[in-house]
Amino acid sequence: LYVFDHVNGMVVFETRDGILTHLRSFGAEYRPKSACALGDVLVVPGWRDKKILHVINAAGERVRSFGEGFSFTNDTSETLREMASRMTHRVFCDAEQGRIFVVAGALGFVRSYDASGNLLWEQALPDYQGARFVMTQQGATGIFPRTTTSSVQRVGQDLLLVQARHLE
């Protein structure tokens with residue numbers, strides 16, 4: 001049993017004879033809110049080494065990372081790009097087709113990657129308000145969420161269901 005804890009990372013338990021036993025915790029640096037299984041590895045969203053998706057093996061070790069950070073426009077500052085990429089992303093793995101889908105919850109974009117980590121496509125979600133990111137002259141940044149994504153999953157052969165809620 002894997003539990004995704006925003007503070008402690010991924011917490012692993014096993015059950016034997018009805019008893020739940022803590023085995024280990026790892027990956028706190030990713031601050032995971034979701035993950036998905038692709039074969040015998042986990043795909044975990046989180047900002048590390050300027051990548052947004054990380055492949056983790058059963059021992060809790062990072063095998064590789066992929067996926068460029070999200071941006072708002074071509075001239076987005078590195079600070080805002082990093083903040084957008086640290087936001088809560090939701091992932092869905094389609095093991096049958098070897099695809100990984102990630103939704104940038106604060107920005108309203110969905111991407112598809114193949115199992116090797118190659119970007120297949122990116123699309124903005126229609127009528128998705130995302131969040132406002134504001135940089136002040138003093139260098140402080142404010143994040144004002146308007147919409148959050150709670151899950152993404154496949155529905156049928158060619159459809160994804162992205163569940164979102166408006167906060168404003």
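Along the sequence shown, residues are numbered consecutively beginning with 1.
Here Ser112 pairs with nothing under the side-chain hydrogen bond (donor to acceptor under 3.5 Å, both in side chains) rule; sequence neighbours left out. Shown here are the salt bridge (charged side-chain N to carboxylate O under 4.0 Å, His left out) partners of Asp94, two or more places apart in sequence or in another chain: Arg154.
With contacts defined as side-chain heavy-atom distances shorter than 4.5 Å, the pair Asn118/Tyr113 does not qualify.
Interatomic distance, CD of Glu61 versus CZ of Phe26, reported as 9.5 Å (0.5 Å rounding). Expressed to the nearest 0.5 Å, how far CD of Gln97 lies from CG of Asp114 amounts to 12.0 Å. The CD1 atom of Ile19 lies 14.0 Å from the CZ atom of Phe13; values are rounded to the nearest 0.5 Å. The distance from atom CZ of Arg64 to atom CG of Asn57, rounded to the nearest 0.5 Å, is 12.0 Å. For the atom pair Glu96 CD and Leu38 CG, the distance stands at 12.0 Å (nearest 0.5 Å). Rounding to the nearest 0.5 Å gives a distance of 9.5 Å between OG of Ser34 and NE2 of His89.
Asp49 and Arg62 are joined by a salt bridge, as a carboxylate oxygen and a charged side-chain nitrogen come within less than 4.0 angstrom of each other.
Criterion: ILVMFWY side-chain heavy atoms under 4.5 Å apart, direct or through other members. Under it, Phe109 and Phe66 are part of a common hydrophobic cluster. A single hydrophobic cluster is seen to contain both Phe4 and Leu23, as judged by linkage of ILVMFWY side chains at heavy-atom distances under 4.5 Å, directly or through other members.
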Could you walk me through whether Val102 and Arg90 pass the side chain to side chain contact (heavy atoms under 4.5 Å, CB included) test, one step at a time?
-> CA-CA 6 Å; Val102 59; Arg90 303 294 184 187; over 6 Å; no
In sequence, state the C-alpha distance, the side-chain angles, and the governing distance for Thr15 and Leu1, and then conclude on side chain to side chain contact (heavy atoms under 4.5 Å, CB included).
-> CA-CA 8 Å; Thr15 59; Leu1 172 67; 5.8 Å; no
Show your working on side chain to side chain contact (heavy atoms under 4.5 Å, CB included) between Val55 and Leu42 and close with a plain yes or no.
-> CA-CA 6 Å; Val55 177; Leu42 291 175; over 6 Å; no
Stepwise side chain to side chain contact (heavy atoms under 4.5 Å, CB included) check, Val44 with Met10 | CA-CA 10 Å; Val44 179; Met10 290 156 273; 3.6 Å; yes
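Nearest heavy atoms, Cys93 versus Ala37: CB-O, 3.2 Å. Across all non-hydrogen atoms, the minimal contact from Pro45 to Ala35 is CD-CA, 4.4 Å. Taking every heavy atom of both residues into account, Ser65 and His54 meet most closely at OG-ND1, 2.6 Å. Between Gly69 and Ile52 the shortest heavy-atom distance is CA-CG2, 3.9 Å.
Among pairs with a residue in residues 116-125, those fulfilling salt bridge (charged side-chain N to carboxylate O under 4.0 Å, His left out) read Arg111-Glu122, at least two apart in sequence or across chains.
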